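Encoded as structure tokens, the structure appears first; notes follow it.
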Number of protein chains: 2
Amino acid sequence: MLTEERRQHILAQIQAAGKVQAAHLAAHFGVSRMTIHRDLAYLHARGWARKVFGGAVAMETESVEPAAGAPAGGCAMCGARLRQRTAFVLQCADGARLHACCPHCGLMLLAGRGDVVSALAADFLHGRMINVRDAAFLVGPELSLCCAPTILCFASRAEGERFRQGFGGDLLDHLQAQASLQQSMALHP
Amino acid sequence: MLTEERRQHILAQIQAAGKVQAAHLAAHFGVSRMTIHRDLAYLHARGWARKVFGGAVAMETESVEPAAGAPAGGCAMCGARLRQRTAFVLQCADGARLHACCPHCGLMLLAGRGDVVSALAADFLHGRMINVRDAAFLVGPELSLCCAPTILCFASRAEGERFRQGFGGDLLDHLQAQASLQQSMALHP
DNA sequence: CCATAATATAACAAATTGTAACACATCTAT
DNA sequence: ATAGATGTGTTACAATTTGTTATATTATGG
């Protein structure tokens, strides 16, 4: 069994049951206690689970504050709760506004609609809303925030590049990011 | 059952019923009374419940979210507007809560007061409120957010280290960060 | 007020779990 | 081929959790 495969199984179990015990996992997968601890550390470092004494528990996502003045319906793409730090707003030709939970969903929406006249996204570092046209997007950093693959938005390309040095990923403009996203999400590659 | 899991169950029961009795919990979970007392002390130290003779009761206000509480007065240190992405909350022995605008002010407050029983800070990447004792602080990165020098809070030391790779600064625990801060802020070095 | 029962706390030992360091194997890219 | 990165297991040691015991502290009914 591949390492990544085992880790995904562990993560699935955490999300299904809310918790896992390290000793059980070691016996179940037939690996050493140390290997399981490394798996849990891996999940913990990416924010996918929380390591506790004896195992790991699911991340509690409720403590993230919803965006101020957010519409009740949640993300227009996936329905998830709207978050201020990853806010994404599309302005449509008919005056309607669509809110997305994160740049991932926002760019998906943008790609799928022809009636969007402008789009704003929250700069991940400073929180200011900026024009998507002028933003730099970091696609696929090793950081789990909302939808996967993670996409972060930066007002300054230089700051995005600094972030990339630590977390990896590709720094793209909004058109490139859309293309990359559509390719990675395609069901029939 | 994991220790953390039992403590979360106890906390849920406190929040649902308003109170719990130590003797009942010991019988319910099949552990000694001493273990339950330690669990209640744990919840008390984090400001999640209040320990009373015979058990514990819910905190006066349910939420520890700074935005949910009244941020009326601004930062307790500098008076600046409170920001959710850099939230910092100090829980005092008398039940009062102090809100700081960022870890800079939060750690300054923490250093200057002896009656703080616990402190929470918002993880800069994920936005979750975490215990300051377990957090990693990045002191002096090349990024201006609130007070200078900038201090960022990370739930995971690994993520803090990644951030440091791009933005520089020193990754410290809360005690080291306090010491560093006091030194850099001293008027007469 | 005092006696008594219930609860809280401190200190210790035992068991379990976490972590660091090292050796070794496998895979990858130049 | 070879150097580097990654994953794994073993070992030794540190840290956490837990129960027990003994000793405070608190509540309550005379």
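As the structure is a computational prediction, the values presented were derived from the model and not from experiment. Lettering follows sequence order; numbering is per chain, from 1.
Counting side-chain heavy-atom gaps under 4.5 Å among Ile, Leu, Val, Met, Phe, Trp and Tyr, B:Leu175 is found in no cluster with other residues. Side-chain heavy-atom separations under 4.5 angstrom define the hydrophobic clusters, and the remaining members of the one that includes A:Leu145 are A:Phe124, A:Leu125, A:Leu138, A:Leu143, A:Leu152, A:Phe154, A:Phe163, A:Phe167, A:Leu171, B:Phe124, B:Leu125, B:Leu138, B:Leu143, B:Leu145, B:Leu152, B:Phe154, B:Phe163, B:Phe167, B:Leu171. Under a 4.5 Å side-chain heavy-atom criterion applied to ILVMFWY residues, the cluster that includes B:Val57 comprises B:Val52 as well.
Here B:Cys147 pairs with B:Cys78, B:Cys101, B:Cys102, B:His104, B:Cys105 under the side-chain contact (heavy atoms from CB on, under 4.5 Å) rule; sequence neighbours left out. B:Gln21 is linked by a side-chain hydrogen bond (donor to acceptor under 3.5 Å, both in side chains) to nothing, counting only residues two or more places apart in sequence or in another chain.
Between the P atom of C:dA20 and the CZ atom of B:Arg157 lies a distance of 11 Å, rounded to the nearest Å. With rounding to whole Å, A:Glu142 atom CD is found 13 Å from D:dT6 atom C1'.
Ion pair A:Glu161/A:Arg164 flagged as a salt bridge, since at least one NZ, NE, NH1 or NH2 atom sits closer than 4.0 Å to an Asp/Glu carboxylate oxygen.
Taking a 4.0 Å limit (strictly below) on heavy-atom distances, residues 8-17 of chain A does not reach DNA chain D anywhere.
Pairs of residues two or more places apart, or lying in two chains, that qualify as side chain to side chain donor-acceptor pair (under 3.5 Å) and include a residue from residues 4-17 of chain A are A:Glu4-A:Gln8, A:Glu4-A:Tyr42, A:Arg6-A:Asp39, A:Arg7-A:Asp39.
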For each nucleotide in nucleotides 18-30 of chain D, reading 5' to 3', give B when a protein heavy atom comes within less than 4.0 Å of its base, S when such contact involves only the sugar-phosphate, and - otherwise. BBB-----SS---
All N/O donor-acceptor pairs, side-chain side in residues 28-36 of chain A, below 3.5 Å, sequence neighbours left out:
{"from": "A:Ser32", "atom 1": "OG", "to": "A:Met34", "atom 2": "N", "distance (Å)": "3.4"}
{"from": "A:Ser32", "atom 1": "OG", "to": "A:Thr35", "atom 2": "N", "distance (Å)": "3.2"}
{"from": "A:Ser32", "atom 1": "OG", "to": "A:Thr35", "atom 2": "OG1", "distance (Å)": "3.2"}

